[in-house]
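Comments concern the structure below.
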Amino acid sequence: MPSMCSHRSWRLFLVGVAGMAAGVGCAAEPAGWQADPALQEELAKKKVAWVFREQDVAPYTLPDPLVCADGSRIASAAEWESKGRPQTLELFSRYVYGRTPPVPSEVRFEILENKGDAMEGKATLKRVRITSIDSGKSFAFEAAVLVPNDRPGKVPAFLLINNRPVTSADPTRQTRDPFWSAEEIIGRGYAAAVFRTNDVDADKNDQALRAQGVRGVWPGAADDGWATIGAWAWGASRVMDYLVSDPSIDGTKVAVVGHSRGGKTALWAGAQDTRFSLVVSNDSGCGGAALSRRRFGETIAAINKGFPYWFCGDFKQFNDREEQLPIDQHQLIALIAPRAVYVASADGDFWADQRGEFLAAVHAGPVYRLYGLSGLTGQSMPPLERPIFGDRLAYHIRRGGHGLTLYDWERFMDFAAKVWGR
Ligand code: GTR
């Protein structure tokens with residue numbers, strides 16, 4: 001790959017940051033997917049400020065996920081868990097997503113509806129109100145779960161973080177959208193759970209709406225307090241609280257799935273909450289799976305301008321200064337090890353930096369290898385619609401543009417069957 005990264009040593013510039021520096025090597029030249037040059041030229045002409053061609057990616061070096069703040073090197077899974085992982089998690093909390101408040105002291109579930117003949121009798125629909133209580137305050141939102149009727153015992157579940165209108169993931173199935181391919185999920189014998197991001201924290205830069213969400217109840221500090229993506233990830237964990245309590249769900253086999261801003265959220269939820277056994281990031285791009293240092297498509301400056309409420313206040317320090325971030329997004333994936341991660345991209349989705357998403361999964365590999373897992377290291381980017389399934393890391397790039405499609409869901413379920421041994 002042309003000019004993917006340099007081999008100069010990477011240094012920390014931000015005074016006082018406990019960084020985990022030292023460059024990691026570049027991936028091999030990819031033989032598979034190549035961007036359509038005509039499409040790239042067209043994009044480059046439209047938005048000249050952004051990089052949409054591989055030859056325009058400036059040299060960069062990634063932080064080594066195995067090098068600690070004190071310069072020591074993590075050599076075992078035990079050291080990663082006691083030292084490397086907590087330090088890495090702290091850096092993402094401090095500088096990117098903000099600090100999540102402690103788990104609420106109490107979480108209550110109220111079944112609002114229990115409909116045994118949903119989906120033409122194929123599933124049971126439960127609508128649940130989840131109330132979190134802490135320090136004399138509370139916050140409630142709803143989730144829905146469809147459970148297959150023809151499977152005795154506990155079933156694994158896919159939890160979708162729905163960042164789109166309710167019609168994109170309609171629990172009543174009056175509207176059917178492949179964005180939530182619930183019929184196919186049920187057909188494979190899995191439960192399909194969902195909640196809406198807007199019910200937890202408004203996806204709008206609006207203080208009045210903010211006050212109605214969870215951050216209105218438990219606000220965060222201006223510099224490193226939790227922001228909207230952190231709030232949505234918290235929401236996914238509260239739905240997980242419910243799922244592990246539901247006797248029809250196998251709480252050891254729950255996948256959290258998100259598309260785009262929901263994909264950024266799924267990765268952050270999975271990084272923090274080790275109960276998710278599989279994390280699916282679809283077209284998640286900047287602040288999700290894509291490597292920030294490539295500055296390809298959406299950059300930190302662009303995302304902070306367009307969505308100033310998604311990330312913590314101090315993330316703005318890194319606008320146009322990606323190399324000063326003490327971490328990059330491959331380390332977000334590494335935080336999920338040894339659990340499974342599926343990263344998916346779309347051919348036309350240059351804004352999300354398809355190659356940057358793939359490379360982040362590859363460069364999470366050293367942490368997976370501490371656990372005796374192979375990762376995706378050594379793999380080239382695959383051709384279109386030729387998924388690669390490693391032992392715990394998977395990747396595909398499909399035809400078409402930004403979106404969550406039935407093709408994506410089918411592949412996520414194929415990989416889940418491998419990971420869950422079904
Ligand atoms: C875009 C944003 C992306 C992505 C996307 C989406 O406008 O720039 O980071 O999150 O929205 O969520 O569909």
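Atoms within each ligand, like the ligands themselves, are counted from 1 in listed order.
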For this session: Could you tell me whether the side chains of Thr405 and Asp408 share a donor-acceptor contact shorter than 3.5 Å?
Result: yes

Exercise. So which residues, sorted by chain and number, lie with a heavy atom under 4.0 Å of ligand 1?
Worked result: Ser260, Arg261, Lys264, Glu298, Ile303, Phe307, Trp310, Trp351, His402

Exercise. Is the cationic atom of Arg411 (NZ for Lys, CZ for Arg) positioned less than 6.0 Å from the six-membered ring centroid of Tyr407 and within 45 degrees of its normal?
Worked result: yes

For this session: Taking atom types as modelled, find out whether Asn304 and Trp310 have a side-chain donor-acceptor pair closer than 3.5 angstrom.
Result: no

Exercise. Any side-chain donor paired with an acceptor under 3.5 Å for Ser237 and Asp273?
Worked result: yes

Problem set entry | Name of the residue among Phe92, Trp232, Phe318, Tyr97 meeting ring pair (Phe, Tyr, Trp, His ring centres under 6.0 Å) with Phe311 | Tyr97

Problem set entry | Check ion pair Asp177-Arg164 (N to O, under 4.0 angstrom) | no

